[in-house]
Number of protein chains: 2
Amino acid sequence: MCKPALTQIKPRRTDDAPSGDARCGDCPIRYRAVCAQCEGPELERLEQMKFYRSYQAGQPILWEGDRTEFVASVVTGVATLTHTLEDGRRQMVGLLLPSDFLGRPGRDRAAYDATAATDVVLCCFRRGPFDQMMRQTPQLAHRLLDMTLDDLDAAREWMLLLGRKTAREKIASFIAIIARRQAALHKQPAQGRIEMELPLTREAMADYLGLTIETVSRQITALRQDGVIEVRGKRGLVLPDYARLVEESGDDSDGGLPD
Amino acid sequence: MCKPALTQIKPRRTDDAPSGDARCGDCPIRYRAVCAQCEGPELERLEQMKFYRSYQAGQPILWEGDRTEFVASVVTGVATLTHTLEDGRRQMVGLLLPSDFLGRPGRDRAAYDATAATDVVLCCFRRGPFDQMMRQTPQLAHRLLDMTLDDLDAAREWMLLLGRKTAREKIASFIAIIARRQAALHKQPAQGRIEMELPLTREAMADYLGLTIETVSRQITALRQDGVIEVRGKRGLVLPDYARLVEESGDDSDGGLPD
DNA sequence: CGAGTGATTGATACACCTCAACACAGGTGG
DNA sequence: CCACCTGTGTTGAGGTGTATCAATCACTCG
């Protein structure tokens, strides 16, 4: 049905970033991440625990089945979660943008491959101490529950896309989701003319949408020819009219991923 | 891409079941539902709050956008969550079996349609009191977090199915999931010869798997002709060899839905 | 320059959808 | 009792959207 993954991840590794420089108070995701509702002594405790890690675009973060030593928040960049079948068919099952949470408390093995799609900085916590703190800190557990419920909603929206949308609608939906989340970063509503950057390669988009690279490429070409999008290089896009794109996506009420 | 939903839900309604008869101690899902880790006074408080509702097969439980007055655990039967696009394309996004939780704390509107696939009994809690209790009872919040994380894992497994599996693999995967969960109810591993009952119509299966009714029917016929399954009436199935079915499903390590 | 990677485009194949007819069981009413 | 209807599932013929296979292009890097 689709080609085995031939692409080899480059084996280069980034050393851990010099840890603990940044203060939580200055953190760009301070009020959106899992730590959002922690203050005072609790924030202090997290601050003590945390350490940063950086990954270059294309680097693996975790392999399915690996022991996980840490959980983490994405500070900057984009990471992906993918499932792989024995014969190499791959499906992306999660797209982690800044403030999203990576890892599952109470589970010591990764359920999916995690990969850096762009350069990524993670704010990590060792699993043991973090689990312990979660048991003692209700607002941390509540925040994580909220975020997980948002993830579940996003996953279900995504299932609708995978199961019932055409290739053209899938591409339009994907671009709309990215546009909305980039707009949300600047605290603006997505509307009118938008310039944006795709955070994924065509291959990763294909894995996200349950398509092949070729189909992704063809549909992008088609949307360009129909004036729905303009293409600027490999990753750059201009949306002359966001509403037009949403029309193409198959649903106006496009809920989509949590911001 | 697929036909608008023409099926009309029969307008018959069941009155609420005589509430509060059953004691939590006798509940068949006592140690698997959201209340599993509550004891003593907490269980007592839930017991006071709870009320039962019954729905006949085919009845709607909630419409997308409805105000939700309660959250609930499925006690017996099977319910479904579905998303619908304006043009009528439908995708099931959740399959709720006994002990699964319905509803989202902290949200007052339903995000999807919920429907009784078979006759269903729910153990309900009014939203306000339940939310309040969740804020005061860490083990309740933790249990719900755990269950939500399981749901998220299941949704992601499902995404792999929707995005990358063939029709035949989808059918085999679905049957395997149901077989495993039915086996789990009897606390047995799924293996060898299994007799089972499909809890869904062909239409609901199609909505689950992102297929059409016709394709579902054809693939079941094909699996029957290949000796992978035997068909007993509309809903009955015999699996001569569970392992053979799993082979057909595309993945041996078939994680799937939480039990 | 050549090698390598990511993306585009074209020709063809086929898996699944669409439309349509039919089978079968259960219920209802004359 | 049988004719009729309705809901559910099966089967067939044909069309189409996307995958597959393959060639080429644009860029970057050594």
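Keep in mind that what you see is a predicted model, and the values were worked out from it rather than measured. Below, chain A is the first sequence line, B the second, and so on; all start at residue 1.
- OP1 or OP2 of dC17(C) lies within a sub-4.0 Å distance of a side-chain N or O belonging to T212(B).
- For the pair R156(B) (side chain) and V93(A) (backbone), a donor-acceptor distance under 3.5 Å is present.
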Show the distances under 3.5 angstrom between N or O atoms of the protein and N or O atoms of nucleotides 11-14 of chain D.
unit_1: dT11(D); atom_1: OP2; unit_2: T221(B); atom_2: OG1; d: 2.8
unit_1: dG12(D); atom_1: N7; unit_2: R218(B); atom_2: NH1; d: 2.8
unit_1: dG12(D); atom_1: O6; unit_2: R218(B); atom_2: NH2; d: 3.1

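- With rounding to whole Å, L198(A) atom CG is found 13 Å from dA7(C) atom C1'.
- One can place CG of L211(A) at 11 Å from C1' of dG17(D), the figure rounded to the nearest angstrom.
- Considering only heavy atoms from C-beta on, L95(B) comes within 4.5 Å of L97(B) through its side chain.
- Atom CZ of R202(A) and atom P of dC25(D) are 19 Å apart (whole Å).
- Contact check for Q91(B) versus K165(A): no side-chain heavy atoms found under the 4.5 Å cut-off.
- R218(A) has no carboxylate O lying under 4.0 Å from a charged side-chain N of E214(A), or vice versa, which leaves the two without a salt bridge.
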Going by atom type alone, with no hydrogens or angles, which donor-acceptor pairs under 3.5 Å involve a side-chain atom of residues 67-78 of chain A and a protein atom two or more places apart or on another chain?
unit_1: R67(A); atom_1: NH2; unit_2: D108(A); atom_2: OD2; d: 3.2
unit_1: T68(A); atom_1: OG1; unit_2: D108(A); atom_2: O; d: 3.4

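- Expressed to the nearest 0.5 Å, how far CD1 of I177(A) lies from CD of E157(A) amounts to 7.5 Å.
- Rounded to a whole Å, the CD1 atom of I220(B) is 12 Å from the C1' atom of dT8(D).
- Look at CD on Q219(A): it is 9 Å from P on dA19(D), rounded to the nearest Å.
- For the pair D207(A) CG and dT18(D) C1', the computed distance is 16 Å after rounding to whole Å.
- Sequence order on DNA chain D of the closest nucleotides to R235(B) and A167(A) puts R235(B) first from the 5' end.
- If you measure from atom CD of E203(B) to atom P of dT10(D), you get 14 Å, rounded to the nearest angstrom.
- G233(B) comes within 4.0 angstrom of nothing in the nucleic acid, heavy atoms only.
- Judged by distance alone, with hydrogens and angles left aside, the side-chain atoms of R168(B) form no donor-acceptor pair with the main-chain N or O of Q219(B) at under 3.5 Å.
- Note: CG (L162(B)) to P (dT18(D)) measures 15 Å, nearest angstrom.
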